[in-house]
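Just below is one structure, and these are the notes that go with it.
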2 protein chains.
Amino acid sequence: MKRNTWQREAVREALGTTDGFVSAQGLHAALRDGGSPIGLATVYRALSDLADGGEADSLQSMEGEALYRACSTDGHHHHLICRNCGLTVEIEADAVETWATQVASANGFSQPQHIVDVFGLCAACTRATTA
Amino acid sequence: MKRNTWQREAVREALGTTDGFVSAQGLHAALRDGGSPIGLATVYRALSDLADGGEADSLQSMEGEALYRACSTDGHHHHLICRNCGLTVEIEADAVETWATQVASANGFSQPQHIVDVFGLCAACTRATTA
DNA sequence: CCAGACTTTGACAATCATTATCAATTGTAC
DNA sequence: GTACAATTGATAATGATTGTCAAAGTCTGG
């Protein structure tokens, strides 16, 4: 049985009000700063529950942290992430989906899963870096 | 100045004789089993040197480990990996390359990097699992 | 509203991969 | 061979994540 606790709500809301991807640690820090006495372990649990339930997406940052995000699009999609400021754009990639499936089956693989993410510098950060 | 030590050679060779991706820990264990007194830290250092020098590819497994592999293809390419036995197929993906670049610039992003890997069950493991 | 059953919490310890430390060792150039 | 600087490796340190378990919270049926 799943129960409704203010902690879970807090995590869900904190995720919702964040623009880009956040680490569990970062989200915990933010909640603490906001005055919430929530525990770190609880944030980890809530996040992986949300990810399991499809309410959040997760990915590994290039530094090896697990990052989470509440995504607006319901279905399967990928991300374009600014490696400087964290700005995230959701991208549809039907072409890539079918490509992945094809490549997999062409080589005899079943149950394909794929990791497809694009990192870069957003327009603003590109300007800032160049300047 | 770069020096040639038997340790570096050992790592290079161990990588070369491995089919799929290996974790640093796994490679170290293999070398030790083979009678080499090489140190764990050294394996890590050698691997990241090889990766830097373009002699090896690295990726993050779904379990959060860093995996390494000596790749035959010189240029940029991606991988199709069996999540059960580690069998790896190198795949060319021009379509994906251009797609990534396009998506990035369409959204104002510069310096695009992308992570594109496909995991699945290879033919053999599919049979084994179904049986 | 109340009790009891069952979850969830959270402080803390434990784990796991990886990185830093630093003295001892070993290539390399001359 | 000698001297110098890079490399090694045992071990400690780090940092994210997960396990533990008693205490506290939540839901359900009376």
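- S36(A) places no side-chain N or O within donor-acceptor distance of the main-chain N or O of R32(A), the cut-off being under 3.5 Å.
- Under a 3.5 Å cut-off, the side chain of H78(B) and the backbone N or O of V116(B) do form a donor-acceptor pair.
- Salt-bridge check for E90(A) with R69(A): passed, with a basic side-chain N closer than 4.0 Å to an acidic carboxylate O.
- Residues L27(B) and V11(B) form a side-chain contact, since some pair of their non-hydrogen atoms from C-beta on lies under 4.5 Å apart.
- Using a 4.0 Å heavy-atom cutoff across all strands shown, Q7(B) reaches sugar-phosphate atoms only and no base atom.
- A nucleotide of DNA chain D counts as in contact with chain A when one of its atoms lies under 4.0 Å from a heavy atom; the first and last such, 5' to 3', are dA16(D) to dC27(D).
- In terms of modelled atom types and a separation under 3.5 Å, the side chain of T17(B) and the main chain of E13(B) share a donor-acceptor contact.
- Atom NE2 of H28(A) is separated from atom P of dC12(C) by 12 Å (rounded to the nearest Å).
- Side-chain atoms of T18(B) do not come within 3.5 Å of backbone N or O of G20(B) as any donor-acceptor pair.
- Using five terminal pairs a side, the axes of the helix from dC1(C)-dG30(D) to dC30(C)-dG1(D) at its two ends make an angle of 40°, given in steps of 10 degrees.
- No donor-acceptor distance shorter than 3.5 angstrom exists from the side chain of S105(B) to the backbone of G108(B), with no hydrogens or angles considered.
- Both K2(B) and A41(B) sit near DNA chain D, but only K2(B) has its closest nucleotide nearer the 5' end.
- For R8(A) and dG10(C), the CZ to C1' distance is 14 Å, given to the nearest whole Å.
- Atom CD of E65(A) and atom C1' of dT18(C) are 14 Å apart (whole Å).
- In this structure, Q25(B) places its CD atom 8 Å from C1' of dC16(C), rounding to the nearest Å.
- Comparing V43(B) and R3(B), the nucleotide of DNA chain D nearest to each residue sits closer to the 5' end for R3(B).
- The neighbour count for D19(A) CG, taken as heavy atoms of other residues, nucleotides or ligands under 6.0 Å away, does not exceed 12.
- Separating the CG atom of L40(B) from the C1' atom of dT21(C) is a distance of 15 Å, rounded to the nearest angstrom.
- Atoms CD1 and CG, from I81(B) and D117(B) in turn, are 4.5 Å apart once rounded to the nearest 0.5 Å.
- A donor-acceptor contact under 3.5 Å is formed by the side chain of R45(A) with the base of dG10(C).
- As a whole-Å value, the separation of I38(A) CD1 from dG10(C) P is 6 Å.
- Among the protein residues, T42(A) comes within range of the nucleic acid bases, having at least one heavy atom under 4.0 Å from a base atom.
- For N4(A) and dT8(C), the CG to C1' distance is 12 Å, given to the nearest whole Å.
- Taking for each of W6(A) and W6(B) the nucleotide of DNA chain C with the nearest heavy atom, the 5'-most of the two is the partner of W6(A).
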